[in-house]
> 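Input: one structure, supplied below.
Each chain gets a letter, A, B and so on, in the order its sequence line appears, and its residues count up from 1. Atom set for the values below is all heavy atoms of this structure, side chains included, hydrogens, waters and symmetry mates excluded. A quick note: this is a predicted structure, and the numbers were derived from the prediction, not measured.
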2 protein chains.
Amino acid sequence: MSRNLTDRQREILTLIADLTRDKGYSPTYQELADRLNIKSKYAILKHVDSLVKKGYIEKDSSARTIRIVHPDFAISNATDYTIPLVGRVAAGFPVLAEENVERYVSIPREMIKSEGRYFALKVRGDSMINAGIFENDLVVVQSANKAYNKDIIVALVDDEVTVKRLINDNGSAYLKAENDAYPDIHPRGDWSIQGKVVGLIREMMH
Amino acid sequence: MSRNLTDRQREILTLIADLTRDKGYSPTYQELADRLNIKSKYAILKHVDSLVKKGYIEKDSSARTIRIVHPDFAISNATDYTIPLVGRVAAGFPVLAEENVERYVSIPREMIKSEGRYFALKVRGDSMINAGIFENDLVVVQSANKAYNKDIIVALVDDEVTVKRLINDNGSAYLKAENDAYPDIHPRGDWSIQGKVVGLIREMMH
DNA sequence: TGTTTAAATATACAATAGTACACCAAAAAT
DNA sequence: ATTTTTGGTGTACTATTGTATATTTAAACA
């Protein structure tokens, strides 16, 4: 399913946001149907389900429990810094394309030291443990297409995002894991630098 | 009727605020009753009516429509979470005392999973590198005076804060470093658990 | 002492709200 | 040309939710 909204879905999402801002609580399906002159609640239910599937809102199985999670429609004038969490990368799309955005996460304001586009990536595997980057950590990445020697970067190799250390050995660059069990990666085909890791966020179980 | 709240009313108002902030929508009477171990919704209804009469909240005759209007309990629109960064601990003061607070740092909202007091601590030394905790990392700590076996905790030993793993070896607890170069710490004198590490934030140089 | 108020219980009930199913029509995608 | 998606109607069912009444207990009060 695409992440794009139809006109009607956008209209309904906007209405949910407006009503929520206005009243201070989320509308019911019936209230939404009334406002749009729709006779059946079920039509609303299906729109709302679509909005949930596309990641714009969240809801629980109870009355008035819709929450808007997409920053473009967010209720609060939050000064909170949120960046897109990039999930699996769909082949052919740039990493930051909307298709790849799983959800939005808030990050400490202090982590943004310079202008630019930022995104977050959940770390898979243990190839960087010697750099203190563990599986399921969230790395905060500043979008860039080049980096300096020894920077920890996010690269796109064979439609797969990977976190590695960039080694710039006079002209020929390669990727180095921070774990002796992993070999260096000398990409043969197309590959690209997607950004520079500028921060790390870890949530411990508790 | 007075504008002053009874203890119970204040407790309920605080709970409403907490639940609303947590879930993103107002609780039902039943949910409030459950949280307070009250068997009858009607007890809650009367409290809520009192809170309305006293001008602390507003509500409509429908599910989950409570709005907090009193500024002291308002749901902060700024979803930005800041917690105190504890620096050097001054002898004799509790860790969270104002004397020890260096500055405030913002942390990702997602890191706050349960109620309680939180603080941040800048990691000194490399005694926890095997747990992926490096020097100058910021650990986010939930204030607590006990913890479970194998939790990573912040302890106060000889007026010194330290991050270690708690080992609860049938009755006798001790602190374990996550670095083979460091010995276990079996505190002789007074020591205390200050909190549980629930998150980690690292800023990379760039 | 008797009275009032706050807090809670038990039970009941009607309106609301979410969900489900069958069905229809138009637009978009394949 | 056919299928899928989107958008909608109507009806029905069930759990949730707010509300109401009658009672009880304990604390505060005068």
> Check whether any side-chain nitrogen or oxygen of H47(B) sits under 4.0 Å from OP1 or OP2 of dA6(C), and answer yes or no.
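No, outside the criterion.
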
> Atom CD1 of I12(B) to atom P of dA6(C): distance rounded to whole Å?
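Between P of dA6(C) and CD1 of I12(B): 13 Å.
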
> What integer distance in Å separates L13(B):CG from dA7(C):P?
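The distance from CG of L13(B) to P of dA7(C) comes to 13 Å, rounded to the nearest Å.
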
> Rounding to a whole Å, what distance do you find between D34(A):CG and dT9(D):P?
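My rounded result for the distance is 12 Å.
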
> Please report, rounded to the nearest Å, how far the C1' atom of dA15(C) is from the CD atom of E31(A).
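Checked: the CD to C1' distance equals 13 Å.
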
> Quick one: L36(A) CG to dG8(D) C1', roughly how many Å, whole number?
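The answer, rounded to whole Å, is 12 Å.
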
> How long is the span from the CG atom in L121(B) to the CG atom in L200(B), to the nearest 0.5 Å?
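The CG atom of L121(B) sits 11.0 Å away from the CG atom of L200(B).
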
> Rounded off to whole Å, could you give me the CG-to-P distance for the L32(B) and dT19(D) pair?
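Roughly 13 Å, once rounded to whole Å.
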
> Using atom CZ of R10(B) as one end and atom C1' of dA6(C) as the other, report the distance to the nearest whole Å.
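To the nearest whole Å, that distance equals 16 Å.
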
> Can you figure out which of dA10(C), dG7(D), dA7(C) approaches the side chain of T6(B) most closely?
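Nearest to the side-chain atoms of T6(B), counting from C-beta on, is dA7(C).
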
> Has K59(A) got more than 12 heavy atoms of other residues, nucleotides or ligands less than 6.0 Å from its NZ?
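More than 12 heavy atoms, drawn from other residues, nucleotides or ligands, come within 6.0 Å of this atom.
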
> If you count every heavy atom of other residues, nucleotides or ligands that lies below 6.0 Å from N136(B) atom CG, does the total exceed 12?
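Count over threshold, so yes.
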
> Around atom CZ of R35(B), are there more than 12 heavy atoms of other residues, nucleotides or ligands at under 6.0 Å?
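Check fails, neighbour count at 12 or below.
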
> Strictly by modelled atom types, are S62(B) and R64(A) linked by a side-chain donor-acceptor pair under 3.5 Å?
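Distance-only check passes for S62(B) and R64(A).
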
> How many angstroms lie between atom CD of Q30(A) and atom OG of S40(A), to the nearest 0.5 angstrom?
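If I round to the nearest 0.5 Å, the distance is 8.5 Å.
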
> Round to a whole Å and report the spacing from CG of N37(B) to C1' of dA8(C).
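It works out to 13 Å between those atoms.
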
> Summarise how protein sits on nucleotides 18-30 of chain C as a single string, 5' to 3': B when a protein heavy atom is under 4.0 Å from the base, S for sugar-phosphate-only contact, - for no contact.
BBBBB--------

